[in-house]
Amino acid sequence: MAEIFLTGATGFVGRHLVPALLCEGHRLRCLARSAEKAKLLRALGCEVVLGDLRDLSSDPSPLTPLPRRGEGPRGAEVVIHLAGVHQGSPALIRRTNVEGTAQLVQIAQAQGVKKILYLSTVTAANRPAWPYAHSVWLAEQIIRQSALRFTILRCSVIVGPGDTFLGGILHMARHWPVVPIVGSGQTRFQPISVHDVVRCILRAISSDRYDNRVLTIGGPEMLSYEQIVTAALAALRIDKRVIHLPRRTTRLCVRALERLGVRTPFVPGYFLSHDHVASSVTLIEDEFGLRPQRLQEVLAAIIAGGVARPQRNLYC
Ligand SMILES: NC(=O)c1ccc[n+]([C@@H]2O[C@H](COP(=O)([O-])OP(=O)(O)OC[C@H]3O[C@@H](n4cnc5c(N)ncnc54)[C@H](OP(=O)(O)O)[C@@H]3O)[C@@H](O)[C@H]2O)c1
């Protein structure tokens with residue numbers, strides 16, 4: 001059982017991770033940005049620090065709660081860092097993902113934290129043209145150069161109930177007259193179930209075997225975007241036409257509509273320009289001793305729970 005400070009508790013992965021950490025007996029102090037979300041976390045049994053990753057220094061000791069009656073102060077031993085943004089201006093992405101991480105690491109070191117786990121992406125790279133991938137790479141460098149023990153989990157796209165990637169495809173497959181694929185549809189993914197990511201995080205924080213390592217994890221299948229769309233249609237038992245939209249023209253149209261104040265479900269970006277694959281499909285089995293869920297199992301779980309309508313989430 002550890003004292004854990006968690007950022008990103010209210011996001012897709014965080015919402016799955018919080019109950020799992022509590023269930024294992026860990027004590028959780030979470031960063032939350034709104035009183036409403038803080039209330040939900042408190043109801044689950046977490047302590048909450050209201051604040052923003054970009055301005056953590058406004059709280060004198062965000063990682064150390066006030067002592068309870070009869071107890072000494074209980075500083076966090078482990079930081080699990082999930083908070084981040086992947087959309088928005090390059091300045092927002094940098095302030096949140098890079099400067100926010102730098103501030104968190106500085107405070108963690110000053111407050112005697114032993115270890116940090118950072119959820120990164122397989123697309124992280126020293127590639128300034130893609131602000132998100134570059135920001136995550138820079139955040140990784142900050143963590144690696146710190147005095148903290150670290151585990152960095154670089155994930156392919158994470159899927160499961162509440163995700164926007166598969167959720168978006170399923171929503172489109174159900175409700176749109178045709179299913180558009182922007183570009184060739186040949187970008188490769190290795191979708192990993194959020195359930196498996198949570199299990200990897202639980203193991204990584206409870207053993208020093210994972211200390212000072214960067215582990216790249218993905219699910220058991222390497223699939224093109226088009227294969228994922230086909231699998232989603234099959235899981236829904238829907239026979240619908242799939243059409244390919246030229247990427248350049250789609251992006252031009254989306255940008256033109258945005259300038260006119262019209263929001264579309266498409267987000268221009270680099271997401272579909274690069275493969276999202278981990279180096280080895282067996283790493284999860286070899287390193288974590290887990291049998292990762294296949295896409296079909298994840299699709300079945302999402303469909304059984306009801307597909308929510310995701311926000312703007314179709315990349316082009
Ligand atoms: N999902 C994937 O496929 C995937 C794949 C690889 C890596 N990752 C990385 O894994 C992490 C978690 O992913 P996710 O899918 O759970 O992301 P998500 O659903 O977008 O959630 C992001 C979380 O970060 C919080 N956050 C954003 N800006 C913040 C700020 N300035 N201060 C404090 N909190 C802030 C959000 O809080 P609010 O609720 O207040 O917005 C939310 O809790 C992210 O860093 C992401 O880059 C995700």
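Start at 1 and go down the list; that is how both ligands and their atoms are numbered.
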Judged by modelled atom types alone, do Arg154 and Thr123 share a side-chain donor-acceptor pair under 3.5 Å? no

Could you give all pairs that pass the side chain to side chain donor-acceptor pair (under 3.5 Å) test and reach residues 92-101, with sequence neighbours left out? His81-Thr101, Asn97-Ser135

Test of ring centre spacing under 6.0 Å for Trp176 and His171: no

Angle between ring planes, Tyr132 versus His86, binned at 30° and 60°: parallel, tilted or perpendicular? perpendicular

Show me, by chain and number, every protein residue that has a heavy-atom distance under 4.0 Å to ligand 1. Gly8, Thr10, Gly11, Phe12, Val13, Leu31, Arg33, Lys37, Asp52, Leu53, Arg54, Leu82, Ala83, Gly84, Val85, Thr96, Leu119, Ser120, Thr121, Tyr132, Cys155, Ser156, Val157, Ile158

Please say whether more than 12 non-hydrogen atoms of neighbouring residues, nucleotides or ligands are located less than 6.0 Å from NZ in Lys240. yes

Could you check if a side-chain atom of Gln293 sits within less than 4.5 angstrom of a side-chain atom of Asp196, using non-hydrogen atoms only? yes

